[in-house]
Amino acid sequence: MLAQSLTSLPDPQEPLPRFVGAGTPMRDLVRAHRWEETPLGPIAGWPGSLRTAASVVLHSVTPMFLWWGEQLTQIYNDAYVPCFGAGKHPAALGQAGRHCWPEIWHIIGPQIEAVRQGGEARWYTDNLVPIWRNGHIEDVFWSYTYTPVFDEQDQVGGVLVVCTETTAQVLAERRRHALDLLARRLLACRSDDDVHAAVTQAASDNPGDLLDVTLLSGAAADAFRGSHELVVIRAAELQLCDELALAFQVSPRLPMDSAYRQFLEQFTATVCATLSRLQSDRALAHAMAESDRLNSDLNLSSRIKDEFLAMLGHELRNPLAPIVTALKLMKLRGQAGDTGQEQAVIQRQVDHLVRLVDDLLDVSRIASGKVELRKETVPLADVLNKAIEMASPLLEQRQHRLLVDVPTVRWHGDPARLAQVVSNLLSNAARYTPAGGHVTLATRIKGGTVQLQVTDDGNGIPPQLLPHIFDLFVQGNRQLDRAKGGLGIGLALVRNLVQMHGGDVSAYSAGEGRGSTFTITLPDSVVAESTAPMAEGNNAVEPAAVSEQSTGLRVLVVDDNQDAADSLAELLGALGYRPSVAYDPAQAIALAAASMPQVAILDIGLPGMDGFELAGHLRRLPDGDGLKLLALSGYGQENDKTRSRQAGFAAHLVKPINIAELQLSLA
């Protein structure tokens, strides 16, 4: 009776049954739908089982879907409508299932039939069911149940679907796993190529999100600007490395929403972090290598310094030993003995000491840029003869045969410095050539260029030393006895002085024991006879003439080193001057006040009152304004001489005093 009463047509004047309800879009659509045009027939004639199932669907807040009858006519609720996206709703209401879902019927059709035939519910979790929505096939994941609904004949009249879309959760988990896998792969990367391989593998592992990934430089990324097929993420947009960008070929079956873009940005950030790490590793490795190199250079410099100091001590002690011995012999022989030989020994050794000190000062002056060339035009033969004269003691001592080819041309440059350069090369050849060897000084003129070659048949230069032979403090074959002598600064001076003339110097050796050749090239320095200005030193004054002119001159010597003061006074007396000596500034002022000298030689480094202050006091004494002042110092750099001139000194004499310079200064 109940079934009959429920299936009977209601009175047209009566309201529709309450199972449909009202007040929501879907309930209103169900009420208004022309069900009589569907297999279900007019809504008023629906059987109780259909009414009950439809009531559950329409009044539920959970997405529900009902298929009813052989055609699987569709009824769904408001909660399900968003699952359609755009394109199917509202046409899907009352439509046959197969017609509504052709794209997925091969998936859901068998599932529905299994429920209809077996009468048992089915449960599916996070199942991929791609549907047509928003104008294209879209990968959608669902968790859903298919539940049979029995009709009045106790047969499966329909299938009720309770579903939840889990696309967001599934994609989030899939992408998290992809990023974790990428990070693990990148952790093992040791090069940029490894990173490229890891990125390519990451795309292969997750084809659902990434069809392809390409690493680009910042400039290359501009070519993909505006492309609809690729999504380009620049690392600079993420406040990361400026020059990197990743081009992603993304899935056309997924919407490019904020979650998708965030995944691509995280992918880019992970790759960029690895590339930055590799760059930092390379920078660190380079820094460590540089640190090792610097440590090696520092150790080498320290070793060279130690060797240089040892050599300096050896070189300074060598001349001091014969000086001390000669002095003892002179003391033993007394005043009556002949000391000529001892004096000659002392003079030679003092000259050697002066050359050592001059070389050291030259290195310092050149390094600080304080050496100025005094160029003049002179016969090149005069310069080379001076160099030979300077090197001849060592050549004669070792019984070398010197072959010389000297041209008759005029040359423009600093003759003293070029003589120093050639002398150093000749001395170097003599030092490293066994006794009785051969040394050659050859000259070639080509146009305005002079080429000088010093060749020997001596020890030669090892190949590993040849590139460093002109470096400071470098010497070959340093033995414990320091037999070769020298400080290892001669060739460094040669290179610097030649370069100051605009030339260059090179060294060649076929190997140890096969001799060596040093070549100096001085371009644009040969002067034609017709244009050569004479600079023969016409203003030079012969020492003897100076001595005669200055005989009887009263000279005050002030030096706190009594030996130095007394010996200088004795020398002045021997030259015909009338010297007086003071060992401190107070004594000097007292002597000058008692009898003003004509010349005062003042040691600049006096204790308590330096030579500059003493000069001021002396000038303020009566008749002091006419006093001629000569500075005496162990410092002879250009700034020292300039300061002396500015203080009113007529000359600046450097210890040990050169007698000729002293006489010129006193003139």
Side-chain angles (χ1 to χ4, degrees), residues 2-3 6-7 17-21 24 26-27 29-30 33 35 38-41 43 46-85 88-89 92-133 138-171 173:
L2 181 59
L6 287 175
T7 58
R18 292 181 58 193
F19 77 89
V20 175
T24 69
M26 280 310 302
R27 293 174 189 172
L29 280 175
V30 170
H33 193 72
W35 293 106
T38 71
L40 300 186
I43 195 170
W46 287 0
S49 54
L50 175 56
R51 290 185 174 213
T52 301
S55 175
V56 170
V57 170
L58 294 172
H59 288 81
S60 175
V61 295
T62 299
M64 287 189 178
F65 204 98
L66 179 63
W67 282 299
W68 193 266
E70 290 297 327
Q71 297 298 318
L72 298 178
T73 305
Q74 301 177 151
I75 301 172
Y76 49 92
N77 61 9
D78 292 278
Y80 188 87
V81 170
C83 300
F84 279 115
K88 290 185 181 290
H89 174 74
L93 183 62
Q95 192 176 22
R98 181 184 293 273
H99 296 155
C100 182
W101 307 104
E103 72 275 16
I104 58 171
W105 200 253
H106 64 285
I107 299 174
I108 65 174
Q111 295 173 350
I112 295 170
E113 283 303 313
V115 174
R116 294 182 67 195
Q117 298 301 323
E120 295 293 333
R122 298 294 177 92
W123 169 255
Y124 301 92
T125 303
D126 296 331
N127 202 36
L128 175 60
V129 184
I131 63 173
W132 178 272
R133 67 179 181 186
E138 188 174 315
D139 282 349
V140 185
F141 293 85
W142 310 85
S143 289
Y144 55 94
T145 60
Y146 283 173
T147 305
V149 179
F150 293 90
D151 59 15
E152 283 70 17
Q153 285 74 39
D154 209 22
Q155 300 295 317
V156 177
V159 176
L160 176 66
V161 182
V162 180
C163 61
T164 301
E165 184 178 346
T166 59
T167 304
Q169 296 91 319
V170 171
L171 293 183
E173 177 61 23

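The analysis underlying the following values was restricted to heavy atoms, covering all of them including side chains, and did not include hydrogens, waters or symmetry mates.
Contact of the Val129 side chain with the Phe141 side chain is not registered, since no non-hydrogen atoms from C-beta on lie closer than 4.5 Å. Proximity of Ile75 to Leu40: side-chain heavy atoms (C-beta onward) are separated by under 4.5 Å at one or more points. A 4.5 Å side-chain heavy-atom check between Val156 and Val149 finds every atom pair outside the cut-off. Here the side chains of Cys83 and Trp142 are in contact, with some heavy-atom distance below 4.5 Å. Annotation: side chain of Val30 is not in contact with side chain of His33 (no heavy-atom distance under 4.5 Å).
Each of His99, Arg116, Gln95 was scored for a side chain to side chain contact (heavy atoms under 4.5 Å, CB included) with Leu72, with one residue passing: Arg116.
Closest approach of Met26 and Leu93 over heavy atoms only: CE-CD1, 4.0 Å. Residues Asp154 and Phe150 approach most closely at O-CD2, 3.8 Å, considering heavy atoms. Listed here is the closest heavy atom pair of Cys163 and Tyr80: SG-CE1, 3.3 Å. Across all their heavy atoms, Ala92 and Cys100 have their closest contact at CB-SG, 3.6 Å. Of all non-hydrogen atoms in Pro148 and Gly119, the two that sit nearest each other are CG-O, 3.4 Å.
Checked by atom type, the side-chain pair Glu165/Tyr144 shows no donor-acceptor distance below 3.5 Å.
Scored by the side-chain hydrogen bond (donor to acceptor under 3.5 Å, both in side chains) test, Ser49 finds Glu152 as partners (sequence neighbours excluded). Taking the side-chain hydrogen bond (donor to acceptor under 3.5 Å, both in side chains) definition, one finds that Thr62 meets it with nothing, sequence neighbours left out. The side-chain hydrogen bond (donor to acceptor under 3.5 Å, both in side chains) search around Trp101 returns Gln74, not counting sequence neighbours. Under the rule for a side-chain contact (heavy atoms from CB on, under 4.5 Å), the partners of Ala114 that lie at least two apart in sequence or sit in another chain are Arg122. Scanning for side-chain hydrogen bond (donor to acceptor under 3.5 Å, both in side chains) contacts around Ser143 gives Asp126, with sequence neighbours left out.
Between Arg27 atom CZ and His59 atom NE2 the span is 4.5 Å, to the nearest 0.5 Å. Leu58 CG to Phe19 CZ: the interatomic distance, rounded to the nearest 0.5 Å, is 8.0 Å. With rounding to the nearest 0.5 angstrom, the CD atom of Gln117 is 12.0 Å from the CD1 atom of Ile112. From Ile108, atom CD1 reaches atom CH2 of Trp67 across 4.0 Å, with rounding to the nearest 0.5 Å. Atom CG of Leu66 sits about 9.5 Å away from atom OG1 of Thr73, to the nearest 0.5 Å. Rounding to the nearest 0.5 Å places NZ of Lys88 at 7.0 Å from CD1 of Ile131.
You'll find the ring centres of Trp68 and Trp46 outside the 6.0 Å limit.
Not one N or O on the side chain of Ser60 forms a donor-acceptor pair closer than 3.5 Å with the backbone of Val56. Remark: side-chain polar atoms of Asn77 are not paired, donor with acceptor, to backbone N or O of Pro63 under 3.5 angstrom. The closest donor-acceptor contact from the side chain of Thr38 to the backbone of Trp35 lies under 3.5 Å.
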- Task: Go through the steps to decide whether Leu128 and Asp139 satisfy the test side-chain contact (heavy atoms from CB on, under 4.5 Å), and finish with yes or no.
- Result: CA-CA 7 Å; Leu128 175 60; Asp139 282 349; 3.9 Å; yes
- Query: Are Leu160 and Val57 close enough, and set up right, to give a side-chain contact (heavy atoms from CB on, under 4.5 Å), and what steps lead you there?
  - Reply: CA-CA 8 Å; Leu160 176 66; Val57 170; 3.4 Å; yes
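Other residues, nucleotides and ligands contribute over 12 non-hydrogen atoms within 6.0 Å of the CD atom of Gln111.
Counting only residues at least two apart or in different chains, salt bridge (charged side-chain N to carboxylate O under 4.0 Å, His left out) contacts with residues 54-67 are absent.
One finds no salt bridge joining Arg133 and Glu103 here, because no Lys/Arg side-chain nitrogen approaches an Asp/Glu carboxylate oxygen to under 4.0 Å.
Ring geometry for Tyr76 versus His89: interplanar angle over 60°, hence perpendicular rather than tilted (30 to 60°).
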